[in-house]
Visitor: 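Once you've had a glance at the structure underneath, I'll fire off some questions.
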Amino acid sequence: MTRVRLIAPAIALATSAAASPALAELPEPVRAMIDAAIETGDPGKVAAVIEIARSTNPESAHELDTLQEAFNEDRAEAERIAAAEEERRIREAGLLANWSGQGQIGAFQSSGNTESIGLTAALSLTRKGLDWTHKMKVAADYQRTDGETSRKQWLASYEPRYQFSERAFTYGLAQYESNRFQGYTGRYALSGGLGWKLVEQSDVNLSIKLGPAYRRTEFVDGTTDNNLAALFGLDFDWQLADKVKLTNDTSATAEGGGQALVFVDSENISLSALTGLEAKLNSSLSTRLTYSVEYNSDPPAGSVKTDTLARFTLVYGF
């Protein structure tokens with residue numbers, strides 16, 4: 001009996017000593033600092049503050065671990081609920097909802113030895129769903145030199161895309177072009193095929209697509225040409241920098257990107273390439289410098305093979 005009485009207090013003391021670090025309470029200022037970090041919802045800040053508290057209050061390691069785990073669980077649950085709500089919103093969205101886009105316009109005027117005036121405008125719209133993406137674009141370039149029209153080009157396209165795996169997708173494309181100075185009043189193209197996202201990162205995106213195509217060309221002389229063709233497309237975007245100082249009160253984001261579209265048939269190879277550099281002035285407004293190349297291996301008589309155009313435009317995103 002005496003032996004039991006001696007052993008029991010020893011066991012209780014050992015148990016108390018082992019449990020005391022886990023039961024130690026954080027000092028109120030330390031707890032307030034952690035609560036303030038948790039309030040921000042920033043996991044980096046929470047982890048940093050808890051790590052500092054751990055180094056200065058090692059006896060409270062268990063409580064700090066509990067706070068970190070609770071924050072992680074709450075954040076994961078909030079993200080799951082937000083993702084489920086976003087999916088529900090997308091699934092229930094109407095046909096005219098979930099569209100975003102950009103409108104851009106640029107103009108120039110010169111006088112003196114040569115009187116010139118020019119206008120370029122474009123509108124692009126994108127609707128992103130869970131698996132489907134729809135892209136629409138219209139663009140126009142117009143120029144008069146010494147009282148005569150020297151450039152008049154129109155472009156309209158629609159491209160639906162279905163993402164059936166993390167990298168692979170199918171696409172469709174309907175496109176219309178008109179450019180009398182390249183020898184045609186209308187050029188229509190239909191295509192469909194497969195695509196692949198080669199690179200998908202926070203700052204770099206690169207995708208390609210390939211498929212058969214049908215093209216109908218209506219020339220300025222009244223003749224028409226219908227051909228089966230192959231299409232190759234490339235889309236490239238590159239975030240060059242987070243902030244580039246343009247003036248003492250304007251920060252900008254520079255983006256470099258481009259796209260190329262190649263049609264190959266038995267009579268003509270057509271290449272349309274666009275490369276651009278964009279500077280973001282604020283959340284909605286940007287400036288953009290682009291350089292486009294239009295190439296036809298077998299143009300109509302009196303037309304050149306290569307047509308280029310540099311544009312500087314003001315872009316509004318919505």
Side-chain angles (χ1 to χ4, degrees), residues 101-126 135-159 173-191 213-227 229 231 233 257-265 267-278 286-316:
Q102 287 186 336
Q104 58 178 303
I105 188 167
F108 70 89
Q109 188 271 334
S110 67
S111 61
N113 293 324
T114 301
E115 298 283 342
S116 296
I117 185 171
L119 175 68
T120 180
L123 174 66
S124 58
L125 299 172
T126 301
K135 294 183 178 182
M136 301 177 65
K137 180 180 180 180
V138 292
D141 288 309
Y142 179 78
Q143 181 177 331
R144 288 182 66 84
T145 304
D146 292 334
E148 295 185 0
T149 302
S150 54
R151 182 178 184 87
K152 186 166 66 173
Q153 182 177 13
W154 306 90
L155 170 70
S157 66
Y158 168 61
E159 180 181 345
L173 176 66
Q175 182 171 289
Y176 165 77
E177 301 171 83
S178 177
N179 190 335
R180 285 182 167 273
F181 294 92
Q182 282 192 340
Y184 57 89
T185 56
R187 186 159 65 186
Y188 308 84
L190 292 174
S191 178
Y214 171 78
R215 287 210 301 175
R216 175 182 174 85
T217 304
E218 299 173 349
F219 297 101
V220 292
D221 62 3
T223 61
T224 60
D225 192 14
N226 300 283
N227 282 295
L231 176 143
Q259 59 185 22
L261 206 59
V262 182
F263 286 94
V264 180
D265 62 43
E267 299 181 8
N268 187 35
I269 298 175
S270 296
L271 166 66
S272 175
L274 176 67
T275 302
L277 182 66
E278 181 175 312
S286 306
T287 58
R288 177 178 295 165
L289 176 64
T290 60
Y291 183 76
S292 63
V293 178
E294 301 281 343
Y295 171 80
N296 288 281
S297 63
D298 187 21
S303 300
V304 298
K305 291 185 177 182
T306 304
D307 195 9
T308 64
L309 180 64
R311 301 180 182 92
F312 184 79
T313 56
L314 192 63
V315 182
Y316 180 78

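Heavy atoms only: backbone and side chains are in, while hydrogens, waters and symmetry mates are out. For this chain, numbers begin at 1 and follow the sequence in order. This is a predicted model, so every value here is computed, not measured.
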Visitor: Using the side chain to side chain contact (heavy atoms under 4.5 Å, CB included) definition, which of the options T120, I105, L289 pairs with T313?
Guide: T120

Visitor: Checking S178 side chain against T185 main chain: does a donor-acceptor pair fall under 3.5 Å?
Guide: yes

Visitor: Going by heavy atoms in the side chains, are Y295 and K305 under 4.5 Å from each other?
Guide: yes

Visitor: Any salt bridge between D141 and K152, counting N to O under 4.0 Å?
Guide: no

Visitor: In sequence, state the C-alpha distance, the side-chain angles, and the governing distance for L309 and R151, and then conclude on side chain to side chain contact (heavy atoms under 4.5 Å, CB included).
Guide: CA-CA 10 Å; L309 180 64; R151 182 178 184 87; 3.7 Å; yes

Visitor: Under a 4.5 Å cut-off applied to non-hydrogen side-chain atoms, are Q182 and D307 in contact?
Guide: yes

Visitor: Just wondering, do Q143 and I117 contact through their side chains at under 4.5 Å, heavy atoms?
Guide: no

Visitor: At their closest point, which heavy atom of A189 faces which heavy atom of F263, and how far apart are they?
Guide: CB-CZ, 3.7 Å

Visitor: Can you list the steps and then say if R311 with S292 is a side chain to side chain contact (heavy atoms under 4.5 Å, CB included)?
Guide: CA-CA 8 Å; R311 301 180 182 92; S292 63; 3.6 Å; yes

Visitor: Can you name the closest pair of heavy atoms from S191 and A213 and give their distance?
Guide: CB-CB, 3.8 Å

Visitor: Taking N227 for its side chain and A229 for its backbone only, find out whether a donor-acceptor pair lies under 3.5 Å.
Guide: no

Visitor: Could you check if a side-chain atom of L274 sits within less than 4.5 angstrom of a side-chain atom of L261, using non-hydrogen atoms only?
Guide: no

Visitor: Is it the case that the side chain of N226 and the backbone of R216 share a donor-acceptor pair, with hydrogens and angles ignored and the cut-off at 3.5 Å?
Guide: no

Visitor: Looking at OG1 of T145 and CD of E115, how far apart are the two atoms once the value is rounded to the nearest 0.5 Å?
Guide: 10.0 Å

Visitor: Please test Q102 against E278 for side chain to side chain contact (heavy atoms under 4.5 Å, CB included), starting from the C-alpha separation and ending with a verdict.
Guide: CA-CA 12 Å; Q102 287 186 336; E278 181 175 312; 4.0 Å; yes

Visitor: Using every non-hydrogen atom in the two residues, find where L190 and A174 come nearest and quote the distance to one decimal.
Guide: CD2-CB, 3.7 Å

Visitor: Decide, yes or no, whether a salt bridge links D225 with R215 under the criterion of side-chain N to carboxylate O below 4.0 Å.
Guide: no

Visitor: How long is the straight-line distance from OH of Y176 back to CH2 of W154, given to the nearest 0.5 Å?
Guide: 9.0 Å

Visitor: Would you name the heavy atoms of R288 and V315 that are closest together and state the gap between them?
Guide: CB-CG2, 3.8 Å

Visitor: Do other residues, nucleotides or ligands put more than 12 heavy atoms under 6.0 Å from R180 CZ?
Guide: no

Visitor: Run the side chain to side chain contact (heavy atoms under 4.5 Å, CB included) check on T306 and N296 step by step: do they pass?
Guide: CA-CA 7 Å; T306 304; N296 288 281; over 6 Å; no

Visitor: I want to check something: taking the side chain as every heavy atom from C-beta on, are N268 and S270 in contact at a cut-off of under 4.5 Å?
Guide: yes

Visitor: Looking at I269, is its backbone amide N or carbonyl O close enough to the side chain of S297 to form a donor-acceptor pair, meaning the two atoms are under 3.5 Å apart?
Guide: yes

Visitor: Just wondering, do T149 and Y142 contact through their side chains at under 4.5 Å, heavy atoms?
Guide: yes

Visitor: What do you reckon, is OH of Y316 surrounded by more than 12 foreign heavy atoms closer than 6.0 Å?
Guide: no

Visitor: For the residue pair S157 and L173, what are the closest heavy atoms and their distance?
Guide: CB-CD1, 4.4 Å

Visitor: Which pair of non-hydrogen atoms, one from E294 and one from S272, has the smallest distance, and what is that distance?
Guide: OE2-OG, 3.3 Å

Visitor: Could you check if a side-chain atom of T290 sits within less than 4.5 angstrom of a side-chain atom of T275, using non-hydrogen atoms only?
Guide: no

Visitor: Could you give the distance from CD (E218) to OG1 (T224), rounded to the nearest 0.5 Å?
Guide: 7.0 Å

Visitor: For the atom pair OG (S116) and CG (D146), what is the distance rounded to the nearest 0.5 Å?
Guide: 6.0 Å

Visitor: Passes ring pair (Phe, Tyr, Trp, His ring centres under 6.0 Å), Y184 versus F219? Steps please.
Guide: CA-CA 4 Å; Y184 57 89; F219 297 101; 7.6 Å; no

